[in-house]
Protein chains: 2
Amino acid sequence: MRLVIATCSVDYAGRLAAHLPLAKRLLMVKADGSLLVHSDGGSYKPLNWMSPPCTLAASEPSAEQAEAGITELWTVTHTKTADKLVVSIYEVEHDSDHPLGIDPGLQKDGVEAHLQKLLAEQIELLGYGHTLVRREYMTAIGPVDILARDAAGGAVAVELKRRGDIDGVEQLTRYLELMNRDPHLAPVQGVFAAQEIKPQARTLAEDRGIRCLVLDYDAMRGMDDGHHRLF
Amino acid sequence: MRLVIATCSVDYAGRLAAHLPLAKRLLMVKADGSLLVHSDGGSYKPLNWMSPPCTLAASEPSAEQAEAGITELWTVTHTKTADKLVVSIYEVEHDSDHPLGIDPGLQKDGVEAHLQKLLAEQIELLGYGHTLVRREYMTAIGPVDILARDAAGGAVAVELKRRGDIDGVEQLTRYLELMNRDPHLAPVQGVFAAQEIKPQARTLAEDRGIRCLVLDYDAMRGMDDGHHRLF
DNA sequence: GATTACATATCGCGA
DNA sequence: TCGCGATGTGTAATC
């Protein structure tokens with residue numbers, strides 16, 4: 001990984017056109033040739049970048065560009081698309097190279113998958129007498145997160161989200177429409193379960209006869225004996 | 001901006017739990033206290049990070065940790081949420097600090113707004129004899145991208161996307177449902193226009209009687225005389 | 001401030 | 001490989 005602190009301006013042309021005015025920034029060149037342009041603030045997202053696979057070519061400025069103060073030009077082109085990034089470097093303050101090797105990678109634990117596992121284990125959160133049929137119940141248009149049966153034996157389809165948005169209601173509606181055509185399942189009751197349900201989503205869901213269920217992740221995790229903590 | 005190349009392991013606990021095994025990585029500390037952990041590959045996304053507002057505290061390792069080879073501990077805690085990132089540093093290869101100042105920021109040009117402007121100008125792409133009524137035609141549930149009339153005078157509602165996904169079809173469906181209740185507009189024809197339309201979205205749209213239109217952005221831009229190029 | 005829609009999204013999984 | 005859904009999504013515009 002090469003780290004360059006330089007005063008530069010940047011132009012990008014590809015799926016859109018973008019320009020970064022002259023300023024001091026970090027240029028990070030990764031081993032795969034990709035380039036990230038970072039400022040000293042903002043989020044983890046760079047101001048500008050080129051994703052691999054791509055190639056970086058350094059070149060001398062034209063006489064006119066040199067006149068304007070440019071000492072070096074970096075042109076990064078994407079190998080497959082026509083995307084192009086041009087870094088006009090005026091002054092270099094720092095330049096160092098550090099071979100890092102291949103990273104062993106991130107180990108993740110616990111998101112929607114965890115929420116789904118917990119709800120499957122604590123299926124009576126749906127209501128007294130509910131039983132789990134299966135997780136990821138497959139339909140023609142995709143898997144329903146959880147299929148259960150209520151105390152009376154009626155089918156219950158659950159769509160699970162961390163954040164319950166209008167899209168999730170639409171998704172569940174499509175599943176319900178399809179499943180209600182299946183005589184083995186119909187009538188199928190819909191439950192929209194999420195840690196947080198947006199008011200618009202709730203309104204739409206209830207208008208369509210879909211029940212909303214707000215889940216308390218911490219409480220559900222607390223019920224789970226075998227969970228581990230990092231801290 | 002402080003740049004540290006170090007052999008380290010990282011643990012994150014917040015909305016999920018994640019762990020990075022021991023390896024050499026770049027630690028980027030921004031002026032606002034945020035931290036990015038980058039490897040020498042992958043995309044622009046860091047392996048792990050903490051977004052501002054947050055605070056970084058360095059501390060000495062415990063006797064046990066020092067025994068394991070840890071020389072320094074960084075604990076980054078988010079100011080509002082309880083998110084926590086712990087970097088266990090074993091060996092530091094490089095450490096430098098570079099004040100960058102505030103970045104003037106990115107200037108973007110040309111996305112959906114541009115596509116909408118171009119389609120409004122080239123409204124006959126919808127079909128011979130079509131005329132523009134207006135862009136951003138307001139309805140009770142939001143603005144329709146383009147309202148036009150066909151050669152026979154019938155209303156045409158256009159939903160515009162860069163990538164035509166199933167969500168866009170749902171959105172247009174809601175607009176059409178509403179607009180078709182308005183006697184001044186009904187019957188309203190729907191057109192789903194995008195640079196690229198996903199097969200599932202196309203199927204859903206056509207099933208609902210919505211016409212699909214694939215737009216060639218480059219060709220449309222080529223028709224536009226006054227467009228500028230960066231290169 | 002809360003909500004909505006877009007993104008040069010990236011990432012992982014399953015068909 | 002491609003399509004699709006989730007993301008510790010982030011970000012800007014709008015209400």
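Below, each value reflects all heavy atoms present in this structure, side chains not excepted, and no hydrogens, waters or symmetry copies. In the text below, chain A, chain B and the rest are named by the order of the sequence lines, each starting its count at 1.
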- Query: Is any side-chain heavy atom of A:Asp145 closer than 4.5 Å to a side-chain heavy atom of A:Leu119?
  - Reply: no
- Could you check which of D:dT11, C:dT4, C:dC6 has an atom nearest any side-chain atom of A:Lys198? C:dT4
- Task: Starting at CG of A:Leu22, measure out to CG of B:Asp103 and round the result to the nearest 0.5 Å.
- Result: 10.5 Å
- Message: For a quick test of reading the model, state the closest non-hydrogen atom pair linking B:His19 to B:Ser9 and the distance between them.
- Response: CE1-CB, 4.5 Å
- Query: Is any side-chain N of the basic residue among B:Glu170 and B:Arg208 closer than 4.0 Å to the acidic one's carboxylate O?
  - Reply: yes
- How close or far is atom P of C:dC11 from atom CG of B:Leu47, stated in whole angstroms? 10 Å
- Message: Please tell me if A:Trp49 has a side-chain N or O lying less than 4.0 Å from either OP1 or OP2 of C:dA9.
- Response: no
- Heavy-atom side-chain contact between A:Tyr44 and B:Ser34 under 4.5 Å: no
- Query: Can you check whether A:Ser43 has a side-chain N or O nearer than 4.0 Å to OP1 or OP2 of D:dT9?
  - Reply: no
- On DNA chain D, more 5' by nearest nucleotide between B:His78 and A:Arg174 is A:Arg174
- When the nearest nucleotide of DNA chain C is assigned to A:Ile166 and to B:Gly42 on a heavy-atom basis, which residue is associated with the more 5' position? A:Ile166
- Query: For the side chain of B:Lys45, counting heavy atoms from C-beta on, which of C:dC11, D:dG5, D:dG10 is nearest?
  - Reply: C:dC11
- Task: Determine the sole option in A:Val4, A:Ile5, A:Thr7, A:Leu27 for which the side-chain contact (heavy atoms from CB on, under 4.5 Å) test with A:Val92 is passed.
- Result: A:Val4
- Query: Taking NZ, NE, NH1 and NH2 as the nitrogens, is one of them in A:Arg181 or A:Glu177 under 4.0 Å from a carboxylate oxygen of the other?
  - Reply: yes
- Task: Quick one: label A:Met50 by what it contacts on the DNA or RNA (base, sugar-phosphate, nothing), any heavy atom closer than 4.0 Å.
- Result: nothing
- Message: Can you measure A:Asp145 atom CG to C:dC13 atom C1' for me and round it to whole angstrom units?
- Response: 14 Å
- Pick base, sugar-phosphate or nothing for A:Ser51, based on heavy-atom distances below 4.0 Å to the nucleic acid. sugar-phosphate
- Send over the distance from B:Leu160 CG to C:dA7 C1', rounded to a whole Å. 16 Å
- Message: Here's a test of your reading of the structure: between B:Asp83 and A:Lys80, which maps to the more 5' nucleotide of DNA chain D?
- Response: A:Lys80
- Taking the side chain of A:Tyr44 as heavy atoms from C-beta outward, which of D:dG5, D:dG10, C:dT10 is closest to it? D:dG10
- Item | CD1-CZ distance between B:Ile210 and B:Arg202, expressed to the nearest 0.5 angstrom | 12.5 Å
- Item | Paired stretches of DNA chain C - 3 or more consecutive Watson-Crick or G-U pairs, each distance under 3.5 Å | C:1-7 with D:9-15, C:9-15 with D:1-7
- What integer distance in Å separates B:Gln171:CD from C:dT3:C1'? 14 Å
- Message: Rounded to whole Å, please give me the gap between CG in B:Leu106 and C1' in D:dA13.
- Response: 16 Å
- Query: Whole Å only: how far is the NZ atom of A:Lys30 from the C1' atom of C:dT10?
  - Reply: 12 Å
- Can you tell me how far P of C:dC11 sits from CG of A:Asp103, to the nearest Å? 13 Å
- Item | Interatomic distance, B:Tyr175 OH vs C:dA5 P [rounded to whole Å] | 6 Å
